[in-house]
Amino acid sequence: MKQFTGLFFVFIFILSSIAESDDSNLITELCKHCDDPKLCLSSIQDRPESGEFAATNNQIEIIAISAASANASSTSAYIKEMLSRENLEPAIEATLEDCQKNYQDAVEQLDDSISAMLANAHADIDVWMHAAISAIESCSDDLKSRAGNAVELFQRNEIFLKLCKNALLINKMLT
């Protein structure tokens, strides 16, 4: 009986490894088409839910959008911390306040994208994702024209934009 139980667990382990490999292969294949394949792969595979959750196309898309949303939330917290500093120049403070609002909007738009995904409304995902991208492009434009030396925030914007574009591409490829 012990031998049968041991073989049973080995069989279950092999099956779960094969299923995980199939999911990983799909994610790898999807990410090959992105502008930054390494960022795409790491943003999906590093999410805690990706191992057990990425069993369907919709779930992979949700993970990609969630990665962008987590990034936006982190950047929003970073901006809030920057705004708490004393002696900010008025132009920088105004830019940071605008960017803070844009990131809050982007998080809401990404949440709307996930809701659209759950309702299989893929065209709506495209609309909400483009709205989030537009909000952060506006922040980047403001940084270029008004804020001067906000290099880290500019870099964070670039990563966010890549994550959103990855999620958009994955949505288009899977629909």
Side-chain angles (χ1 to χ4, degrees), residues 27 30-50 53 58-119 121-175:
I27 294 167
L30 291 168
C31 287
K32 281 182 185 177
H33 301 282
C34 294
D35 290 339
D36 190 338
K38 287 182 183 180
L39 178 64
C40 177
L41 275 171
S42 67
S43 68
I44 295 172
Q45 291 178 334
D46 291 350
R47 301 283 300 167
E49 65 271 21
S50 72
F53 187 63
N58 282 0
Q59 292 165 340
I60 292 170
E61 289 180 69
I62 290 171
I63 293 169
I65 296 169
S66 295
S69 183
N71 177 277
S73 295
S74 173
T75 301
S76 182
Y78 170 77
I79 294 169
K80 184 176 182 178
E81 186 272 321
M82 286 183 68
L83 282 167
S84 70
R85 296 179 185 167
E86 293 182 22
N87 302 325
L88 284 176
E89 293 178 27
I92 293 174
E93 186 173 6
T95 300
L96 291 175
E97 287 171 351
D98 290 346
C99 286
Q100 177 72 10
K101 183 179 179 331
N102 290 345
Y103 268 98
Q104 290 169 343
D105 290 346
V107 169
E108 289 176 20
Q109 291 152 347
L110 293 171
D111 289 345
D112 289 337
S113 295
I114 291 173
S115 295
M117 172 59 59
L118 294 172
H122 294 278
D124 291 346
I125 295 167
D126 194 59
V127 170
W128 290 117
M129 293 295 297
H130 275 98
I133 289 169
S134 179
I136 303 314
E137 285 175 339
S138 176
C139 175
S140 291
D141 292 344
D142 288 348
L143 286 172
K144 288 176 189 173
S145 67
R146 296 191 299 193
N149 192 15
V151 175
E152 184 174 347
L153 183 53
F154 189 77
Q155 290 171 341
R156 286 173 173 260
N157 288 350
E158 292 301 308
I159 291 170
F160 174 80
L161 292 170
K162 286 179 182 180
L163 290 170
C164 284
K165 289 174 183 177
N166 290 346
L168 258 176
L169 183 64
I170 289 170
N171 179 53
K172 287 179 183 174
M173 290 176 64
L174 293 176
T175 55

[X] side-chain N/O to [Y] backbone N/O, donor-acceptor pair under 3.5 Å:
| X | Y | answer |
| --- | --- | --- |
| Ser134 | His130 | no |
| Thr95 | Ala91 | yes |
| Ser76 | Ala72 | no |
| Ser42 | Lys38 | yes |

Check whether any side-chain heavy atom of [X] lies under 4.5 Å from a side-chain heavy atom of [Y], and answer yes or no.
| X | Y | result |
| --- | --- | --- |
| Ile65 | Trp128 | no |
| Asp126 | Lys172 | yes |
| Thr75 | Ile159 | no |
| Met117 | Asn171 | yes |
| Ile62 | Leu118 | yes |
| Ile27 | Ile63 | no |
| Cys40 | Asp36 | no |
| Leu88 | Met82 | no |

I need the minimum non-hydrogen distance between [X] and [Y], along with the two atoms involved.
| X | Y | value |
| --- | --- | --- |
| Ala67 | Ser43 | CB-O, 3.6 Å |
| Cys139 | Asn102 | N-ND2, 3.6 Å |
| Ile133 | Cys164 | CG1-CB, 3.5 Å |
| Pro37 | Lys32 | CG-O, 4.2 Å |
| His33 | Leu169 | O-CD2, 3.0 Å |
| Phe160 | Asn71 | CB-OD1, 3.3 Å |

Worksheet item: Counting only heavy atoms not in Asp35, do more than 12 fall under 6.0 Å of its CG?
Response: no
Worksheet entry | Atom CD of Glu89 with >12 non-hydrogen neighbours under 6.0 angstrom | no
Discussion item. Please determine whether a side-chain nitrogen of the Lys or Arg among Arg156 and Glu152 lies less than 4.0 Å from a carboxylate oxygen of the Asp or Glu.
Written reply: yes
So, taking the atom named [atom1] in [X] and the one named [atom2] in [Y], what distance separates them when rounded to the nearest 0.5 Å?
| X | Y | atom1 | atom2 | result |
| --- | --- | --- | --- | --- |
| Asp142 | Ser138 | CG | OG | 4.5 Å |
| Cys99 | Gln104 | SG | CD | 11.5 Å |
| Leu153 | Ser140 | CG | OG | 7.5 Å |
| Ile136 | Glu158 | CD1 | CD | 11.0 Å |
| Leu83 | Tyr78 | CG | OH | 10.5 Å |
| Gln100 | Ile79 | CD | CD1 | 5.5 Å |

Worksheet item: Hey, are Tyr103 and Asn157 close enough side-chain-wise for a donor-acceptor pair under 3.5 Å?
Response: yes
Practice prompt. List the steps, then state whether side-chain contact (heavy atoms from CB on, under 4.5 Å) holds for Asn166 with Cys31.
Written response: CA-CA 8 Å; Asn166 290 346; Cys31 287; over 6 Å; no
